[in-house]
Amino acid sequence: MPGDPTQPSFDFGPELAGDRRRDPVPTVPPRPGAGRRRSPTGRASGTLRTPAVTSEVSSPVPDRPVRVVRVRPDVAGLDKCFDYLVPSELHGDVRVGSMVRISLHNRRVGGWVVAVGVEPPEGVALHPLAKVTGWGPPPELIEMADWAAWRWSGRVASLLRTASPETAVRGLPRSSARASMPTTVAVGDLTAMAEEALALPMSVLRLPPASDLYPVLVAAAALGPVLVIGPSARSMRHLGLRLRRAGGSVALMPRDWAVARGGAATVVGTRAAAWAPIPRPAAIVVLDEHDESLQQEQNPTWHARDVALERARRAGVPCVLVSPTPSLEALAAGPVLAPSRRVERAGWPRVDVIDTRELAASEARYSPRLVDVLRSDARVLCVLNRKGRSRLLSCAACGELAACERCQAAVSQDDDGSLRCARCGAVRPQVCLRCGGTRMKNLRAGVSRAREELEALAKRPVVELTADTEVDPSGVGSAVVVGTEAALHQLDAVDVVAFLDLDQELLAPRYRAAEEALSLIVRAARLVGGRDGHGRLLLQTRLPDHEVVRAAVLADPDRVATAELARRRLLAYPPVTALAVVSGPSAPLFVAGLVPPSGVEVLGPSDGSWLVRAPDSSTLADTLAAAPRPAGRLRIEVDPQRL
DNA sequence: CGGACAAGCTGA
DNA sequence: CAGCTTGTCCGG
């Protein structure tokens, strides 16, 4: 296939050829809007003399080739840029974003060209670049990395690494195919909605769990080379391949980095694809925007949604956040488009709520309704978010809770029956510390224990599926599956998902518990399908009127959003405010250097960490950036998912 | 981060 | 005081 971008003929792409022909200075015109928001401040500047850079770049002198470039080294713990000479034979290969090797302090290290045509500082002997490794992120992403480092109080280099190819890219594939779709399948209402969303600068598209998102992808791809991000690698790959099969030019990240950098493909990928090197996206779409895996766990804790929003804003292109249950952050960012109530309801499954308060104690854990389902031939997944045999025990004789003799934390039961403390790791035999009794009552069964009990009730095999069990999900066959939420990721489709103890999710001591619980229900809903199928969710709870339960029953995620926003206002939690958790050995020193402006509070320490609360993320970032960074280990978690 | 170099410690 | 450890500084 001649135009297939996945089988490319590699050469130096049109961009490079053009540079050679027209102008030896492959400069990037400074975008007038780049400084609109408060610019990423200070730490990165080092010897930067910005005015000189700007004037150089905006009025390139043709007969003065690139002689000096500014390079950001890929060295952890060094947040500074340095200037280097470009040997004349490398002029054509060096542009903003290029990956190079430099000698720094007698070491060879990698780095990125962040500016060209730099006025070198006086009195410093410049070294030449050691090597041009290959293509790197486009200039917009070099700027985005500065912004994100400021926004999440992190290191620029770590973000540039995310935006860079895994192996050196010497040339870009010649791409003759156009990125847009040659043919469009008739897909009805969803296409119209997606087009409506794409006509707005920013919008939230609330589509129920059972929706096929392919029409959204097609509608976006019709605009040109777009960037589409979602949490699950499998489903993003699937969507991308569908588009490719229909004739679209598709780059699957991270594998097709070079194709994406070529700029003529629809770019599809997971979280890191928010940094895909597509030079001029026509739009950015984030699927399942509510999913917490779109946020990076390690520092800097950037969120793909926020990166996408900022990228789109800077490029002046539409950004669409798609989710069955948009986060409060998304709802705060723009208008919501949703299908009719009829259509939205059809895309959520039927939900049976079992009020366990009304059941006899013996039936509360496994309700008669659940037992009926277990004894049918339906494919059933039981979700219980507790691993092991038991998480909370009490003495059968005296009722004393089983606690750790060393640190008093609640202990849980190992598979061999001994009691283990999750906090300090102490292990002791199953003996009551108060009365010496040796029989324990399970107050909360873990998955292993539940498996045994369910098998007795179901009268058919029950298999356990957690993040660390080695069961091939396809080999489960007709067995009932019991597992933690990991099972919701591993299985493809079932008839019934039963939450054995939804209250554990609803009452979890985390400020996002309600959103997280609804997110789990959405996952479950995807496994059982929409209302028109025969799939069902079964929720065992003592809180049948909780807004999460009501939202699932009524297919109305807005109930959670409304209740949750009121709570966040009351407690001054995000997105009403912006938070950062500061911890680590150097935290006391860092916190001492903070100068909180009015409206910013520093709370703590509690367990060795501080909480910084600001009215908005921009103020938070400015406050954190203004404090000196002490040496030593320091963790600054901006936008923590948990507190 | 990690190399360079200086200051501090140890043992004969 | 050689030989080593530990700490601080700085990179173009």
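Separating the CG atom of A/Asp83 from the P atom of C/dG12 is a distance of 11 Å, rounded to the nearest angstrom. Rounded to whole Å, the distance from CD1 on A/Ile102 to C1' on B/dC1 is 13 Å. Distance CZ (A/Arg72) to C1' (C/dG11): 14 Å, rounded to an integer number of Å. Note: CG (A/Asp79) to P (C/dC10) measures 17 Å, nearest angstrom. Between the P atom of C/dG11 and the CG atom of A/Leu78 lies a distance of 10 Å, rounded to the nearest Å. Atoms CG (A/Leu129) and P (C/dG12) sit 13 Å apart, rounded to a whole Å. At whole-Å resolution of the value, CZ in A/Arg161 and C1' in B/dC1 are 11 Å apart.
Evaluation of the salt bridge (Lys or Arg N to Asp or Glu O under 4.0 Å) test over residues 263-278 of chain A, restricted to residues two or more places apart or in two chains, returns A/Arg271-A/Glu297.
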Enumerate the protein-to-nucleotides 2-4 of chain B contacts in which both atoms are nitrogen or oxygen and the separation is below 3.5 Å.
residue	atom	partner	partner atom	Å
B/dG2	O4'	A/Arg107	NH1	3.2
B/dG2	N2	A/His105	ND1	3.4

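Judged purely by distance below 3.5 Å, without hydrogens or angles, the side chains of A/Trp112 and A/Ser164 pair a donor atom with an acceptor atom.
Seen from the ring of A/Trp135, A/Arg95 counts as a face-on cation partner, given the 6.0 Å and 45° thresholds.
Contacts of A/Ala125 with the nucleic acid, taken as non-hydrogen atoms under 4.0 Å apart, involve only primed sugar atoms and P, OP1 or OP2.
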Problem - Test log, rule side chain to side chain donor-acceptor pair (under 3.5 Å), inputs A/Glu515 and A/Ser327 - result: CA-CA 7 Å; A/Glu515 281 183 299; A/Ser327 68; 5.1 Å; no
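Looking at A/Glu166 and A/Arg161, no side-chain N of the basic residue comes within less than 4.0 Å of a carboxylate O on the acidic one, giving no salt bridge.
Side-chain contact between A/Arg237 and A/Leu252 is present, with heavy atoms from C-beta onward closer than 4.5 Å.
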